[in-house]
Amino acid sequence: MVEEPKKSFPVGTLEELKHKGYLSVTAQGYDIVLFYHEGEVYALDNRCPHMGFPLSRGSTKDGILTCDWHHARFDIKTGGCFDLWADDVPVFTVNVIDGNIFVHTQRANKTKEEHRTYYLRRLNDAMEQNIALIIAKSILTLDSEGVSSSDLFRKGLEYGTRYRQEGWGPGLTILTCMMNLAPYSRHEDRLRALYHGLSAVASDCSGQPPRFAVSPLPDVKKSSADVGTLKRWFRHFIEVRDADGAERCLVTAIRAVTEPNTIADMLFSAATDHRYLDSGHILDFTNKAFEALDIVGWDMAEQVLTSLVTLYAQAARMEERSSWRHPIDIVALLNDCFDKLPAALEKGKQSQNTWKASKEIIDVLLGDNPTAIIDVLIESLQDGAKQEELAAVVAYAAALRIAQFPVTNEYSDWDTALHTFTFANAVQQAIRRLPSSKELLRAIFDVAMSNYLNRFLNVPCVALPSEKEGPINNKDSESNRENIMDRFLDTLDKRHQVNEAAKMVTRCLSTQGERELSPILMHALLREDRSFHTIQMLEATFRQKTELQCLQILDSVKPISHVLIAAARYLAAHTPTARAQGQTFEIAWRLHQGGKLYEEIG
């Protein structure tokens with residue numbers, strides 16, 4: 001008996017199917033392919049779940065259907081895929097009545113929760129196999145099912161901190177940066193950012209052994225009364241490069257203490273006991289780990305923060321570098337200055353002044369006299385500068401190194417300047433978390449000295465573009481905004497358009513404002529293949545732009561435009577890339593929308 005028309009459709013005859021070998025039909029909006037095997041008829045979705053190639057153009061042998069494009073293989077009966085980089089193909093129920101074939105297009109409905117669970121499992125499988133296309137497809141489907149970006153971020157954080165023995169790495173930093181950058185992105189770019197972040201974690205963990213948890217000291221409750229001792233032990237173990245001892249102290253402290261800032265103080269103190277650890281990466285990664293916990297919650301603190309410990313113990317210390325010791329012993333200068341900080345802070349508390357950073361202070365910070373730089377920072381503290389204000393000013397000075405970086409330098413020197421700026425951003429963000437930390441205060445001076453050592457990267461010093469060079473268009477309209485984006489993106493299609501990109505930023509700021517510029521920079525970043533440093537650069541730029549807007553501490557300069565110019569110049573210096581990763585996302589997007597990538601092949 002034939003099913004009701006709404007559920008079942010005639011698609012051809014059994015004789016026709018046997019003669020032709022397959023039937024390709026459309027019913028109720030579905031593209032369906034039918035095969036005859038071992039006396040039975042089987043119906044499958046005609047789009048290969050990998051990239052949409054028509055399976056009707058595939059090959060069948062021994063009950064296995066092979067897509068002829070990338071050779072994904074499927075069980076013709078169940079649609080199950082033998083290749084992990086593809087996916088199972090949906091199947092349809094078939095009835096044969098009096099030689100006529102009927103296909104039921106109403107498949108068994110999964111509950112919403114079952115659907116989410118399936119695609120969360122697919123996302124995990126894709127990360128295990130490091131398959132970017134399935135990561136993208138899973139993100140798009142889960143988003144359409146109402147799964148939040150923060151939930152997907154949590155999945156990536158859990159995976160990255162568990163399946164990389166070396167601990168926290170660039171992948172998790174990229175993922176956290178992408179979450180921080182989401183508010184500055186157009187809606188359609190936010191999923192692309194999440195795709196880049198989760199793909200970076202998968203790539204970072206690929207081929208790595210997992211991490212195994214370390215247990216706390218016995219009777220954790222007794223340890224809670226003496227967190228100061230745990231902090232002292234932790235710093236000692238890092239000092240002697242004993243990662244095991246340090247990790248056990250940290251786990252014990254996390255179990256014993258519920259206050260996140262107490263644990264933050266423990267880590268940031270150790271991260272600043274030596275100068276500019278690993279060119280700033282240690283403090284930067286620590287800051288990102290705490291920002292990640294701000295997103296997912298403190299319940300993941302043990303798994304996330306312990307992933308940092310090995311990095312602390314193995315980090316290069318600038319005391320060991322000749323550039324920090326000769327011809328001027330910068331480490332000795334800093335040690336002398338640190339002894340003066342308590343008195344400077346105490347004097348600053350008595351000050352009735354509202355501190356502002358003058359252009360003269362910026363000139364000193366960019367100058368060639370390390371003693372004068374240290375002195376101006378101490379004087380600023382004495383004049384009432386808050387630590388987060390002073391940190392923002394030295395971060396701005398570090399951004400100027402990039403904004404005025406000449407292309408005649410060695411190409412790798414872009415990253416030398418970048419490391420100082422991203423370190424400066426991390427220091428400023430960490431101080432916002434712990435505004436009274438005397439240990440973190442030392443890092444402001446580290447930034448200033450690293451920026452001093454970079455002074456020759458501004459020889460010759462590139463002039464900042466002027467607003468007088470003319471706007472792109474004075475009309476404030478949607479079409480003009482699109483025109484600005486198109487022109488900026490066209491500029492970045494050519495290599496090394498560093499100064500032209502800076503000019504376009506200046507013109508855009510003079511006509512549209514920075515709120516219009518931010519999504520343009522974000523789209524320009526996300527269409528390129530991932531670059532760890534470029535992502536860091538843009539994230540630090542937007543953070544410091546916001547800080548400078550809030551603090552209002554710079555007189556007679558335009559710091560917002562300068563940090564955005566720095567970002568645009570760095571981005572232009574590192575584009576275009578092959579854009580292969582973006583093409584993968586575009587394929588996933590078109591498949592998700594139901595598009596036929598190869599409609600002409602039927």
Side-chain angles (χ1 to χ4, degrees), residues 1-70 72-83 86-119 122 137-138 140-142 144-145 587-602:
M1 180 178 177
V2 179
E3 294 285 337
E4 298 175 17
K6 289 184 179 179
K7 298 182 179 179
S8 182
F9 291 84
V11 294
T13 67
L14 185 58
E15 182 180 353
E16 183 184 5
L17 175 60
K18 289 180 178 179
H19 174 73
K20 191 174 181 182
Y22 73 92
L23 291 178
S24 177
V25 299
T26 300
Q28 285 290 90
Y30 293 103
D31 290 326
I32 300 171
V33 62
L34 296 98
F35 296 99
Y36 185 76
H37 175 67
E38 294 182 345
E40 298 290 340
V41 179
Y42 299 99
L44 304 89
D45 192 309
N46 196 25
R47 290 196 317 161
C48 176
H50 177 222
M51 289 182 65
F53 192 84
L55 290 175
S56 57
R57 293 295 302 271
S59 306
T60 57
K61 181 181 180 181
D62 193 25
I64 294 176
L65 167 63
T66 302
C67 176
D68 281 353
W69 194 11
H70 294 99
R73 298 158 301 160
F74 306 91
D75 173 14
I76 206 167
K77 298 179 180 180
T78 66
C81 186
F82 297 102
D83 298 286
D87 202 347
D88 296 342
V89 63
V91 296
F92 302 87
T93 302
V94 177
N95 277 357
V96 180
I97 302 172
D98 297 331
N100 295 307
I101 304 172
F102 296 84
V103 172
H104 298 251
T105 57
Q106 190 175 52
R107 290 177 287 184
N109 290 324
K110 292 181 180 179
T111 67
K112 194 169 187 178
E113 190 57 38
E114 287 173 335
H115 209 242
R116 288 183 179 183
T117 300
Y118 174 79
Y119 277 100
R122 287 297 293 153
K137 289 161 70 174
S138 300
L140 292 168
T141 302
L142 289 165
S144 67
E145 291 289 323
I587 290 169
W589 177 262
R590 289 169 62 187
L591 290 171
H592 179 69
Q593 297 296 315
K596 299 178 182 179
L597 272 66
Y598 291 84
E599 194 168 17
E600 70 279 5
I601 305 175

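We use all heavy atoms of the structure for the numbers below, so side chains are in, but hydrogens, waters and symmetry mates are not.
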* Atom CG of Asp87 and atom OH of Tyr119: how far apart are they, to the nearest 0.5 Å? -> 6.0 Å
* Asked: Does the side chain of Leu65 come within less than 4.5 Å of Tyr42's, by heavy atoms?
  -> no
* To do: For residues Ile32 and Thr105, determine if any side-chain heavy atom of one lies less than 4.5 Å from a side-chain heavy atom of the other.
  => yes
* Asked: Hey, what do you get for OH (Tyr30) to CG (Asn46), rounding to the nearest 0.5 Å?
  -> 14.5 Å
* Within a strict 4.5 Å, meaning less than it, do heavy atoms of the Leu14 and Tyr36 side chains meet? -> yes
* **Closest approach of Cys67 to Leu55 (non-hydrogen atoms, all atoms of both residues)** => CB-CD2, 3.8 Å
* Do Phe9 and Gln28 come close enough that some side-chain heavy atom pair is under 4.5 Å? -> yes
* Asked: For Gly12 and Leu23, which heavy atoms make the closest approach, and how far apart are they?
  -> CA-CD1, 4.3 Å
* Distance, nearest 0.5 Å, that separates CE of Met51 from NZ of Lys137 -> 9.0 Å
* Structure fact -> In this structure, CD1 of Ile76 is separated from CD of Glu40 (nearest 0.5 Å) by 12.0 Å
* Asked: Is there a donor-acceptor contact under 3.5 Å linking the side chains of Thr26 and Asp31?
  -> yes
* To do: Could you tell me whether a side-chain N or O of Ser144 sits under 3.5 Å from a main-chain N or O of Thr141, the two making a donor and an acceptor?
  => yes
* Asked: Hey, does the side chain of Asp75 reach the backbone of Lys77 with a donor-acceptor pair shorter than 3.5 angstrom?
  -> yes
* Which word best sums up how the rings of His592 and Trp589 line up, parallel for under 30°, tilted for 30 to 60°, or perpendicular for over 60°? -> tilted
* To do: Starting at CG of Asp62, measure out to NE2 of His37 and round the result to the nearest 0.5 Å.
  => 6.5 Å
* **Non-hydrogen atoms of Glu145 and His115 that approach each other most closely** => OE2-ND1, 3.1 Å
* pair Asp88-Tyr118: side-chain heavy atoms closer than 4.5 Å -> yes
* Asked: So do Thr78 and Val91 actually touch side chain to side chain, heavy atoms under 4.5 Å?
  -> no
* So do the side chains of Asp83 and Phe74 get within less than 4.5 Å of each other, counting heavy atoms only? -> no
* To the nearest 0.5 angstrom, please state how far the OG1 atom of Thr66 sits from the CZ atom of Arg57. => 14.5 Å
